Participant: 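Below are the structure tokens for one structure; questions will follow.
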Amino acid sequence: MSTSTRRFIFWILIVLFFIHSLLVFTIGTDEDNGKNLMTEEAQIGKLLFQKYNCTACHQLYGLGGYMGPDLTNMISSPGKGEIYARTLLQTGTQRMPNFHLTEEEINSMVAYLKYVDKTGISPVKKFKINFDGTISQK
Ligand code: HEC
């Protein structure tokens with residue numbers, strides 16, 4: 001291959017590289033990852049989630065306490081959803097305390113859970129409590 005042909009190919013590749021880079025950096029993706037769901041209400045919900053320390057018992061994306069289930073996708077789980085979450089937050093259960101949240105606080109919390117649900121997928125893991133009190137994944 002002659003030197004001029006090599007140079008020609010080299011410059012073609014350089015130009016293609018810049019065109020490719022330009023496209024990669026300017027074309028966005030259509031994924032919205034729930035960004036439009038991070039409303040003011042959901043932000044308040046996020047702060048409440050921290051205030052009441054829900055992570056002491058619950059995980060988001062597998063991180064948090066293990067007494068309650070992972071809440072990342074609970075809103076879209078079959079048989080669960082918004083009404084289920086509201087009821088649980090209003091009443092508590094034998095193992096989950098009733099936080100005596102106001103209607104507004106529950107709305108914000110549900111808005112936050114809806115937002116989290118849209119951000120990705122984190123399957124609920126099953127844990128078992130060992131005889132010595134430690135917890136391991138099933
Ligand atoms: C003391 C531990 C504890 C704390 C703190 C706690 N939870 Fe729970 N939560 C549980 C347990 C345990 C369950 C599973 C239901 C049961 O077994 O009673 C649960 C269930 C839930 C569920 C239903 C999940 C599902 O997939 O069925 C939601 C929603 C929920 N909690 C939200 C919250 C929120 C929001 C907070 C913070 C305000 C919170 N929890 C704080 C223990 C806790």
Side-chain angles (χ1 to χ4, degrees):
M1 204 189 290
S2 70
T3 315
S4 61
T5 317
R6 271 192 232 145
R7 266 201 200 125
F8 177 70
I9 292 173
F10 174 77
W11 283 111
I12 290 285
L13 288 175
I14 290 284
V15 168
L16 285 178
F17 167 75
F18 280 107
I19 292 174
H20 179 254
S21 303
L22 191 81
L23 292 178
V24 165
F25 285 103
T26 51
I27 298 176
T29 57
D30 291 335
E31 289 273 334
D32 104 18
N33 291 335
K35 276 187 212 113
N36 63 353
L37 282 173
M38 191 29 128
T39 54
E40 216 169 291
E41 198 178 32
Q43 281 176 23
I44 295 170
K46 185 178 185 176
L47 293 178
L48 290 171
F49 200 82
Q50 291 166 3
K51 179 180 163 192
Y52 292 108
N53 205 9
C54 309
T55 19
C57 297
H58 291 284
Q59 311 111 62
L60 286 181
Y61 281 107
L63 297 175
Y66 297 109
M67 195 178 158
D70 190 311
L71 296 180
T72 318
N73 301 121
M74 75 91 18
I75 289 287
S76 61
S77 302
K80 295 186 178 169
E82 189 178 331
I83 297 173
Y84 177 82
R86 280 180 187 284
T87 315
L88 227 135
L89 286 169
Q90 272 163 8
T91 59
T93 68
Q94 256 181 337
R95 299 194 300 149
M96 173 163 151
N98 180 351
F99 291 90
H100 302 285
L101 303 172
T102 63
E103 195 63 37
E104 264 173 35
E105 285 180 318
I106 291 177
N107 288 342
S108 309
M109 201 69 98
V110 170
Y112 176 57
L113 289 175
K114 275 184 178 168
Y115 157 76
V116 173
D117 184 43
K118 289 276 183 246
T119 58
I121 294 167
S122 178
V124 177
K125 296 189 183 81
K126 293 220 165 25
F127 300 98
K128 71 173 199 296
I129 300 174
N130 302 319
F131 74 96
D132 57 358
T134 55
I135 290 177
S136 49
Q137 202 174 321
K138 270 187 190 168

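Both ligands and their constituent atoms are indexed starting at 1 by order of listing. Note that the structure is a prediction, hence the values are computed from the model and not measured.
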Participant: Counting only heavy atoms from other residues, nucleotides and ligands, does the tally under 6.0 Å from CG of Leu47 exceed 12?
Facilitator: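 Yes - once you tally the heavy atoms of other residues, nucleotides and ligands closer than 6.0 Å, there are more than 12.
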Participant: Please identify which atoms of ligand 1 are closer than 4.0 Å to at least one heavy atom of Leu71.
Facilitator: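 Those of ligand 1 that fall under 4.0 Å from Leu71 are 22 (C), 24 (C), 28 (C), 29 (C), 30 (C), 32 (C).
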Participant: Less than 3.5 Å between some nitrogen or oxygen of Arg95 and one of ligand 1, yes or no?
Facilitator: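 Looking only at distances, the answer is yes, because the N/O contact criterion of under 3.5 Å is met.
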Participant: Got an N, O or S from Met96 under 2.8 Å of atom 8 (Fe) of ligand 1?
Facilitator: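 For Met96, the answer is yes, given that an N, O or S atom comes within less than 2.8 Å of atom 8 (Fe) of ligand 1.
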Participant: Backbone N or O of Gly64 within a donor-acceptor pair of the Thr55 side chain at under 3.5 Å?
Facilitator: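 It does not hold such a pair.
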Participant: Taking CD1 in Ile83 as the centre, count heavy atoms belonging to other residues, nucleotides or ligands within less than 6.0 Å. Is the count above 12?
Facilitator: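 Not more than 12 within 6.0 Å, no.
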Participant: Check each atom of ligand 1 against the heavy atoms of Tyr52 and keep those under 4.0 Å away; list them by number with element.
Facilitator: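 Heavy-atom distances to Tyr52 below 4.0 Å select 38 (C).
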Participant: Does a side-chain heavy-atom distance below 4.5 Å link Val116 with Phe49?
Facilitator: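 Sidechains of Phe49 and Val116: no contact.
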Participant: Contact between Met109 and Cys54 at the side-chain level, heavy atoms closer than 4.5 Å - yes or no?
Facilitator: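 Answer yes - side chains close enough.
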Participant: Can you tell me which residue and heavy atom of the protein come closest to atom 14 (C) of ligand 1, and the distance to 0.1 Å?
Facilitator: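 Among all protein heavy atoms, the one nearest atom 14 (C) of ligand 1 is Pro69 CD, 3.7 Å.
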Participant: Please confirm whether the backbone N or O of Pro69 pairs with a side-chain atom of His58, one donor and one acceptor, at under 3.5 Å?
Facilitator: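 Yes, because the side chain of His58 sits within donor-acceptor range (under 3.5 Å) of the backbone of Pro69.
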Participant: Atom 11 (C) of ligand 1: which protein heavy atom is closest, and how many Å away?
Facilitator: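 For atom 11 (C) of ligand 1, the nearest protein heavy atom is Gly68 CA, 3.7 Å.
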Participant: Which option, His58, Lys80, Glu105, owns the non-hydrogen atom nearest atom 20 (C) of ligand 1?
Facilitator: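 It is His58 whose heavy atom sits nearest to atom 20 (C) of ligand 1.
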Participant: Could you tell me whether a side-chain N or O of Asp132 sits under 3.5 Å from a main-chain N or O of Thr134, the two making a donor and an acceptor?
Facilitator: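 It does hold such a pair.
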Participant: Look only at the side chain of Glu41 and the backbone of Tyr112, and say whether a donor-acceptor pair between them is shorter than 3.5 Å.
Facilitator: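 Not confirmed, Glu41 side chain does not pair with Tyr112 backbone.
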Participant: Are any of the N/O atoms in Tyr84 less than 3.5 Å from those in ligand 1?
Facilitator: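 Yes: some nitrogen or oxygen of Tyr84 is under 3.5 Å from one in ligand 1.
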Participant: Is atom 8 (Fe) of ligand 1 less than 2.8 Å from an N/O/S atom of Cys54, whether that atom is in the backbone or a side chain?
Facilitator: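 Cys54 does not place any N, O or S atom closer than 2.8 Å to atom 8 (Fe) of ligand 1.
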Participant: Could you tell me whether Ser77 approaches ligand 1 through its side chain, its backbone, both or neither, with non-hydrogen atoms closer than 4.0 Å?
Facilitator: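 Neither part.
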Participant: Ignoring hydrogens and geometry, is there a side-chain-to-backbone donor-acceptor pair from Tyr84 to Met74 under 3.5 Å?
Facilitator: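 It does not hold such a pair.
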Participant: Sort out for me which residue in Ser77, Ser76, Ser122 forms a side chain to side chain donor-acceptor pair (under 3.5 Å) with Asp117.
Facilitator: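 Of the listed residues Ser77, Ser76, Ser122, the side chain to side chain donor-acceptor pair (under 3.5 Å) partner of Asp117 is Ser76.
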Participant: How far is atom 2 (C) of ligand 1 from its nearest protein heavy atom, and which residue and atom name does that atom have?
Facilitator: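 Minimum-distance protein heavy atom for atom 2 (C) of ligand 1 reads Cys57 SG, 1.9 Å.
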Participant: To check your reading of the model: name the closest protein heavy atom to atom 29 (C) of ligand 1, its residue, and the distance in Å.
Facilitator: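 For atom 29 (C) of ligand 1, the nearest protein heavy atom is Met74 SD, 3.5 Å.
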Participant: Run the contact test for Ala56 against ligand 1 with a 4.0 Å cut-off on heavy atoms, strictly below, and give the result.
Facilitator: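 Under 4.0 Å: no for Ala56.
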Participant: Indicate yes or no: does an N/O atom of Thr93 lie under 3.5 Å from an N/O atom of ligand 1?
Facilitator: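 Thr93 vs ligand 1: N/O contact under 3.5 Å present.
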Participant: Please work out, at 4.0 Å between heavy atoms, whether the side chain, the backbone, both, or neither of Leu101 comes within that distance of ligand 1.
Facilitator: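 The answer is neither; Leu101 stays 4.0 Å or more away.
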